[in-house]
Amino acid sequence: MLYSTLTPSAKRRALRERLRSGELLTLPGAFNPLAARLIQDKGFDGVYVSGAVVAADLALPDVGLTTLSEVAARAAQIARMTDLPTLVDADTGFGEAMNVARTVQTLEDAGVAGLHLEDQVNPKRCGHLDGKQVVDDATAAQRVRAAAQARRDPDLLLMARTDARAVLGLDAALDRARALVDAGADAVFPEALTSLDEFAAFADALGVPVLANMTEFGKGELFTREQLRDAGVAIVIHPVSLLRVAMGAAERALDALRAQGSLRSQVAGMQTRSRLYELLDYAAYAAFDGAVYDFTLKEEQ
Ligand SMILES: C[C@](O)(C(=O)O)[C@H](CC(=O)O)C(=O)O
Ligand SMILES: [Mg+2]
């Protein structure tokens, strides 16, 4: 009941260990803490907190409008509700070097196991949209160096995301990624790659874990676990997927309610009350309550 049974540092160590094992880790995006519970219940390896989802949850576009406080608060709410490691999208770090340092410490305090920082120009935009721009090599490296220096827990996974592939081409993106590893990145997220060969090129060139972003309606194909594993990918995220699924279902239900005047036709597709209670661990709260409160009168009363 209540919060995660593991400390943030234990979850960070666990993530590092799993990455060393060479397996492909799957991190679906949790649009809220309850979704993180479901992801854990279904046996996934970790939870992703997407910047696009934090923004969309506030009904805002993913164009750098959300603040560090908003992202950190959401990440903390999610991380504390799961024993799985949480990887959070820190966008461009919410500013330049000094802000990046503060971002890292704030997210560390939020209890996440890792975070990624990207090399887009501020204000950033979704990596699968046209017209994005990246900062120069020195600025990109400076962000990562500032992050590495600011980190207090050496187990916090520091991931550098590069958006250079779509802007500067594959070779420049590989050079950028190598430079970011030299600057202190523990892992790399090459954004908007277009083929498995490109993932393999990053995995072969870098010698650190590489992340694949399997976002729907983006630039790339939705590859399978096996395809990504064979390309040498270490982590796959499905960042916005559960939000899209839930919002699709919500829209269908609202249409049915409008058309039919009741939600009877939708009940079969809903999560049941008992399943919700199971995820919330309701029974443990009832047992706790029963053990703490003793309503029987004592002799002398
Ligand atoms: C991974 C990502 O950064 C996110 O915020 O989830 C987005 C996802 C998306 O917009 O589909 C991205 O820029 O790829
Ligand atoms: Mg993002």
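Both counts, for ligands and for their atoms, begin at 1 and track the order of listing. These numbers come from the heavy atoms of this one structure, side chains and all, not from hydrogens, waters or symmetry mates. From a predicted model like this one, the values you see are computed outputs, not experimental measurements.
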To check your reading of the model: name the closest protein heavy atom to [atom], its residue, and the distance in Å.
| atom | result |
| --- | --- |
| atom 9 (C) of ligand 1 | Thr215 OG1, 3.6 Å |
| atom 10 (O) of ligand 1 | Cys126 SG, 3.0 Å |
| atom 6 (O) of ligand 1 | Ser50 OG, 2.6 Å |

- Message: Can you check which of Arg161, Lys132, His116 brings a heavy atom nearest to atom 3 (O) of ligand 1?
- Response: Arg161
- Task: Determine, considering heavy atoms only, which of Val53, Asp91, Asp89 sits nearest to atom 2 (C) of ligand 1.
- Result: Asp89
- Contact check: Gly127 vs ligand 1, nitrogen or oxygen atoms, below 3.5 angstrom: yes
- Backbone or side chain, does any N or O of Glu191 fall under 3.5 Å from an N or O of ligand 1? yes
Considering only heavy atoms, does [X] approach ligand 1 within less than 4.0 Å through its side chain, its backbone, both, or neither?
| X | result |
| --- | --- |
| Glu216 | neither |
| Arg244 | side chain |
| Phe217 | neither |

- Message: If the threshold is 4.0 Å, N to carboxylate O, is there a salt bridge linking Asp83 and Lys11?
- Response: no
- Do the charged groups of Arg178 and Asp175 touch, with an N to O distance under 4.0 Å? yes
- Do Arg20 and Arg16 have side chains that get closer than 4.5 Å, going by heavy atoms?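 When only atoms from C-beta onward are counted, Arg16 and Arg20 do touch, with a gap below 4.5 Å.
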